[in-house]
Amino acid sequence: MVAENSADSKNDILLSTQEVIKEALDKLGYPNEAFELMKEPMRMITVRIPVRMDDGKTKVFTGYRAQHNDAIGPTKGGVRFHPNVTEKEVSALSIWMTLKSGIVDLPYGGGKGGIICDPREMSFRELEALSRGYVRALSQVVGPTKDIPAPDVFTNSQIMAWMMDEYSRIDEFNSPGFITGKPIVLGGSHGRESATAKGVTICIEEAAKKRGIDVKGARVIVQGFGNAGSFLAKFMHDMGAKVIAISDAEGALHDPDGLDIDYLLDRRDSFGTVTNLFDDTITNQEMLELDTDILVPAAVQNQITEENAHKIKADIVVEAANGPTTLEATKILTERGILLVPDVLASSGGVTVSYFEWVQNNQGYYWKEEEVQEKLREVLVRSFNNVYTTSQNRQIDMRLAAYMVGVRRATEAARYRGWI
Ligand code: GLU
């Protein structure tokens with residue numbers, strides 16, 4: 001694959017994912033065919049979804065589903081609704097799901113889906129038709145034992161409910177295990193909605209211990225106020241940390257004495273926008289460069305690059321978003337002694353509780369919130385320390401260590417199956 005120019009290739013998430021996968025497999029001593037198998041999804045399905053819009057006209061949307069690797073079990077991963085969705089992005093994200101499942105040790109391979117659309121400009125009825133249309137288009141290749149979708153950027157439990165209902169009708173069977181992130185009343189799990197942020201919180205606590213930082217009183221910056229960012233700001237605030245800045249797509253708010261997070265949560269809209277209500281905002285870039293103890297990019301890709309990595313003043317960077325730091329920036333941060341906890345580890349709390357949800361659906365027996373939280377903590381603490389120890393023992397950064405831990409299980413399973 002050749003990117004158009006070097007700037008593009010540096011920010012090309014599929015190329016940079018492949019680069020680290022290759023390095024991880026080489027370090028683990030696997031032959032090149034392992035890389036050939038892992039470098040792209042085993043299946044990439046493109047669908048066209050006609051939707052009758054509210055104005056009576058039909059609009060045809062394009063959607064994707066990538067199934068990266070099913071050597072271990074069904075593929076698993078979210079579906080995003082966003083105008084910038086591309087086939088390449090969905091491919092890279094499906095690889096990351098294989099890595100996440102490997103890191104937290106789930107019986108899944110990675111999957112990911114996306115539809116090119118702008119949900120902020122669509123009505124409830126149009127979104128329902130689009131969600132149902134996506135499931136109809138993919139019904140033969142997804143299912144509780146094949147490929148299990150979940151929420152991602154701009155999709156939520158209501159969209160999961162429509163998708164589950166559509167699949168159940170096609171299957172002529174109530175199939176809650178087809179999708180995770182459902183409302184509790186339809187078989188969703190306690191703790192799923194806040195699971196990504198809970199996982200990030202646990203990684204922050206573990207990383208802070210390694211660096212001798214007390215989370216209570218520590219200064220925290222959270223970029224992004226969507227599902228992960230907003231819950232995270234709340235958890236940090238409740239733990240006694242000082243959340244000195246938050247941001248959304250429109251701008252950032254900064255108060256060195258700590259922001260009133262409960263007030264901001266109260267005023268945020270359903271797409272995570274709140275800064276538009278204030279005059280004294282700063283830019284996202286200015287916010288990333290503020291002096292802080294902990295920085296959590298929880299928004300979009302390519303936020304910390306070689307342009308600004310030298311100016312980051314945090315001791316710890318924990319990636320709650322998928323792909324916020326480029327590989328060049330990872331090197332710069334590591335050289336500067338900043339502890340970077342990579343996305344594939346830090347954001348794996350979501351898929352972990354999705355797995356708990358699927359297990360509960362399969363058993364028809366539901367767990368209490370405390371049970372979910374206890375199991376999530378156990379998984380994340382173990383996974384964090386496994387990746388941290390690998391990075392220390394091998395003298396490598398935590399991203400490469402996480403890729404090594406993550407890719408190993410799927411490769412091993414593929415080998416036992418006789419694929420490579
Ligand atoms: N979309 C989330 C992620 O990127 C969750 C996936 C899931 O729960 O299956 O990890």
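Atoms within each ligand, like the ligands themselves, are counted from 1 in listed order.
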> Can you tell which of Pro151, Gly77, Gly181 gets a heavy atom nearest to atom 2 (C) of ligand 1?
Replying inline: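 Answer by nearest heavy atom: Pro151.
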> Is a salt bridge present between Glu166 and Arg136, judged by a nitrogen-to-oxygen distance below 4.0 Å?
Replying inline: yes
>> Can you tell whether the side chains of Asp293 and Arg211 come within less than 4.0 Å, N to carboxylate O?
In response: no
Would you say the side chain of [Y] lies within less than 4.5 Å of the side chain of [X], judging by non-hydrogen atoms?
X	Y	answer
Tyr64	Ile116	yes
Pro324	Gln301	no
Phe61	Arg48	no
Arg399	Thr325	yes
Thr201	Glu206	no

What residue and atom, counting heavy atoms only, is the protein's closest point to [atom], and at what distance?
atom	result
atom 3 (C) of ligand 1	Lys100 NZ, 3.4 Å
atom 9 (O) of ligand 1	Lys76 NZ, 2.8 Å
atom 1 (N) of ligand 1	Asp152 OD1, 2.7 Å
atom 8 (O) of ligand 1	Ser354 OG, 2.5 Å
atom 7 (C) of ligand 1	Ala150 CB, 3.3 Å
atom 5 (C) of ligand 1	Arg192 NH2, 3.5 Å

> Among Asn284, Thr281, Asp248, whose side-chain hydrogen bond (donor to acceptor under 3.5 Å, both in side chains) with Thr275 holds?
Replying inline: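 So, applying the side-chain hydrogen bond (donor to acceptor under 3.5 Å, both in side chains) to Thr275 and each of Asn284, Thr281, Asp248, only Asp248 qualifies.
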>> Please check: side-chain N/O of Asn156 versus main-chain N/O of Ile159, any donor-acceptor pairing under 3.5 Å?
In response: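 Looks like yes, one N/O pair under 3.5 Å.
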In ligand 1, which numbered atoms sit nearer than 4.0 Å to a non-hydrogen atom of [X]?
X	result
Lys112	1 (N), 3 (C), 4 (O)
Met97	3 (C), 4 (O), 6 (C), 10 (O)
Asn322	4 (O)
Gly350	8 (O)
Gly78	1 (N), 6 (C)

> Taking the six-membered ring of Tyr355, is NZ or CZ of Lys76 closer than 6.0 Å to its centre and within 45° of its axis?
Replying inline: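 Because its charged atom misses either the 6.0 Å distance or the 45° angle limit, Lys76 does not stack over Tyr355.
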> Contact between Ala195 and ligand 1, counting heavy atoms under 4.0 Å?
Replying inline: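 Distance cut 4.0 Å: Ala195 fails for ligand 1.
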>> Heavy-atom contact check, 4.0 Å cutoff: does Arg80 meet ligand 1?
In response: no
>> Under 3.5 Å between any N/O of Ile148 and any N/O of ligand 1: does that happen in this structure?
In response: no
